[in-house]
2 protein chains.
Amino acid sequence: MAAAPSTASSRGSLDRALIVRTAVEYVDAHGVADLSMRRLGQQLGVEAMSLYRYVAGREDLLDAVVTEVMTAVDLDPHERLGPADGWQAFLQRMAHQVRDVALAHPKVFPLVATRSPDAPWLRPPLRTLSTVETFLEALISRGVDDATAVRMYRTFSSFLLGHLLLAVSAVGASTAPAEEPLIERTAEAVTDDHGDPLPDAPPPEERLPGLPNLQRLEPMLAEDRTAEEFEESLDALLQRLELLVP
Amino acid sequence: MAAAPSTASSRGSLDRALIVRTAVEYVDAHGVADLSMRRLGQQLGVEAMSLYRYVAGREDLLDAVVTEVMTAVDLDPHERLGPADGWQAFLQRMAHQVRDVALAHPKVFPLVATRSPDAPWLRPPLRTLSTVETFLEALISRGVDDATAVRMYRTFSSFLLGHLLLAVSAVGASTAPAEEPLIERTAEAVTDDHGDPLPDAPPPEERLPGLPNLQRLEPMLAEDRTAEEFEESLDALLQRLELLVP
DNA sequence: ACCTGAACACCGTTCAAGT
DNA sequence: ACCTGAACACCGTTCAAGT
């Protein structure tokens, strides 16, 4: 979709960074399942076998893809904040940064969430040593003690994982991020990708037989409220964490 | 690992349920990546092509695996509870049931968390129509109004997703669920799978150069506190949800 | 030093053919 | 009705060979 920085095939033009960036683009566009060494080589104007000079294999490549998208979150603990801002401000900022990554790469984020990190004691989605070092330093330099910083790391990880995985799974489905209570499309013709009108969907009683609550609440369930819920839950989390540090 | 209900190959002995159960066992034992149609056929004493009578393909099989393990949470909303127990008791019970599934099938749970559900407005890990109908009915029959029940569905989903994915990713790593602050293994020889002694690991300063917080906190980070954190966070969640229903 | 062709052992999936 | 053999179009990965 984006203007391709790929297809650079003159001798010596290949390197690991280019391969990984192209892989990220490919996954963003087509999903992980469609990424093969052969297709990625093609995208780069090169035979698949050439890639093995730079990556140890497909698994190594996927790990590199995960690390690549998460580097956007690797920030100075005091950048744009100042140490006076408190650990709450830092967590707010980092939460939104990770959220931006997830929404920018919805097809990559499940990998961020589920692949084994570099060290067994790291937890997704903050999965690189330097990111976690930054995280701990930011908290501790703002007066949080060691044990509490570690607790916060875990609670924060679980929060991000749950909300962001829910958000990207909602992206894969309902394209409309419900702004009004419900979109009124009474007489508008629904069309498919080719512009042809779709056949009328059967009414809820037929689609969901014997499931009265779902029949009634389907429109409400279909609304994408992930953005609001993220903010609310983040506030609630920070309030809860404040009880930990005296 | 378990006594195999597989390898039943006399004509007509194959059916979808057996195939799916065998697939669950295979994934529990070897992981999703190792599950191929051919190997599953072998496990059942049958050629791979036979499976296509009962499943539409590998993707359909994986969806069936997910549904199969999650049926363990498909319960009567009043079973062992009584309608007088309140929605808090129901959520407590369901949370622990989903947790039991995740811990019983740590290699399957990432699929539960990341595969697209049957309907776009369903959210993992409660991803079948009947489970969500049960969930809503349980809450509404205990006095929760429609809109709040839907909000609870989303908040609860996000909670389960985050904590359980963190828990199973911890299972894949540290085998020891830290009971004491830290296991003292000063002079005990660490051995590998063959009983051969492992070479001494280098000290933290060498393994984690320039990462002083990680060097100091690695033992704390390595502790598996997912069980305690699940209970604490669940309590906090219930308290937060109580503010929603007057 | 860097890329490729050919090869190997695997995939998922189809379909006509067997029993 | 149910299973299979053969075949097709793909995989990831290796390695000796080319430039």
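Reckoned from all heavy atoms, side chains included, excluding hydrogens, waters and symmetry mates. Per chain, numbering begins at 1; letters A, B, ... match sequence-line order. What you are looking at is a predicted structure, and each value in this text was computed from that prediction instead of being measured.
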A.B. asks: Could you write out DNA chain C as dot-bracket? Rules: Watson-Crick or G-U wobble, both distances under 3.5 Å, brackets [ ] for crossings, | for pairs with another strand, dot for unpaired.
C.D. replies: ||.|||||...|||||.||
A.B. asks: Select one nucleotide: of dT4(C), dC2(C), dC2(D), the one nearest the side-chain heavy atoms of Y54(A).
C.D. replies: dC2(C)
A.B. asks: Please table the atom pairs, donor to acceptor, closer than 3.5 Å between any side-chain atom in residues 206-214 of chain A and protein atoms at least two apart or in another chain.
C.D. replies:
residue: R207(A); atom: NE; partner: P202(A); partner atom: O; Å: 3.1
residue: R207(A); atom: NH1; partner: E218(A); partner atom: OE1; Å: 3.2
residue: R207(A); atom: NH1; partner: E218(A); partner atom: OE2; Å: 3.2
residue: R207(A); atom: NH2; partner: E218(A); partner atom: OE1; Å: 3.3
residue: N213(A); atom: OD1; partner: R216(A); partner atom: NH2; Å: 3.0
residue: N213(A); atom: ND2; partner: E133(B); partner atom: OE2; Å: 3.0
residue: N213(A); atom: ND2; partner: E137(B); partner atom: OE1; Å: 2.9

A.B. asks: Can you tell me the distance, in whole Å, between the CD1 atom of I19(A) and the P atom of dG12(D)?
C.D. replies: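 Spelled out: CD1 on I19(A) to P on dG12(D) is 14 Å.
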A.B. asks: Is the F156(A) ring parallel, tilted or perpendicular to the F159(A) ring (thresholds 30°, 60°)?
C.D. replies: parallel
A.B. asks: Okay, side chain of R58(B), backbone of L35(B): is any donor-acceptor separation there less than 3.5 Å?
C.D. replies: yes
A.B. asks: Please produce a list of atom pairs where a protein N or O lies less than 3.5 Å from an N or O of nucleotides 13-17 of chain D.
C.D. replies:
residue: dT13(D); atom: OP2; partner: Y52(A); partner atom: OH; Å: 3.0
residue: dT13(D); atom: OP2; partner: R58(A); partner atom: N; Å: 2.8
residue: dT13(D); atom: O5'; partner: Y52(A); partner atom: OH; Å: 3.4

A.B. asks: My understanding is that only residues two or more places apart in sequence, or in another chain, count here; which of them pass salt bridge (Lys or Arg N to Asp or Glu O under 4.0 Å) with R127(B)?
C.D. replies: none
A.B. asks: D34(B) CG to dG12(D) P: how many Å, rounded?
C.D. replies: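 To the nearest whole Å, that distance equals 16 Å.
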A.B. asks: My understanding is that only residues two or more places apart in sequence, or in another chain, count here; which of them pass side-chain contact (heavy atoms from CB on, under 4.5 Å) with Y54(B)?
C.D. replies: L14(B), R16(B), I19(B)
A.B. asks: Is R115(A) paired with E59(A) through a side-chain N to carboxylate O contact shorter than 4.0 Å?
C.D. replies: yes
A.B. asks: Whole angstroms only, please: what is the CD-P distance between Q42(A) and dT4(C)?
C.D. replies: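 Rounded to the whole Å, the gap is 13 Å.
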A.B. asks: Keeping T71(B) on the side-chain end and E68(B) on the backbone end, is there a donor-acceptor pair under 3.5 Å?
C.D. replies: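 Here the side-chain-to-backbone pair exists.
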A.B. asks: Return the 5'-most residue of the pair S50(A), R39(B) with respect to DNA chain C, ranking by each residue's nearest nucleotide.
C.D. replies: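 The residue closer to the strand's 5' end, by nearest nucleotide, is S50(A).
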A.B. asks: May I have the distance from E47(B) (atom CD) to dG18(C) (atom P), rounded to whole angstrom?
C.D. replies: 17 Å
A.B. asks: Taking the side chain as C-beta and beyond, is there a heavy-atom pair between M37(B) and Y52(B) under 4.5 Å?
C.D. replies: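 A side-chain contact under 4.5 Å exists here.
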A.B. asks: Taking OP1 and OP2 of dC11(D), is either one under 4.0 Å from a side-chain nitrogen or oxygen of S36(A)?
C.D. replies: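 Answer is yes, contact under 4.0 Å.
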A.B. asks: List in chain and number order the residues that pass side chain to side chain donor-acceptor pair (under 3.5 Å) with T226(B), two or more places apart in sequence or in another chain; answer none if no residue qualifies.
C.D. replies: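 Here the qualifying residues are D224(B).
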A.B. asks: Specify the separation, in whole Å, of atom CG of L18(B) and atom P of dC3(D).
C.D. replies: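 Taking CG of L18(B) and P of dC3(D), I get 11 Å after rounding.
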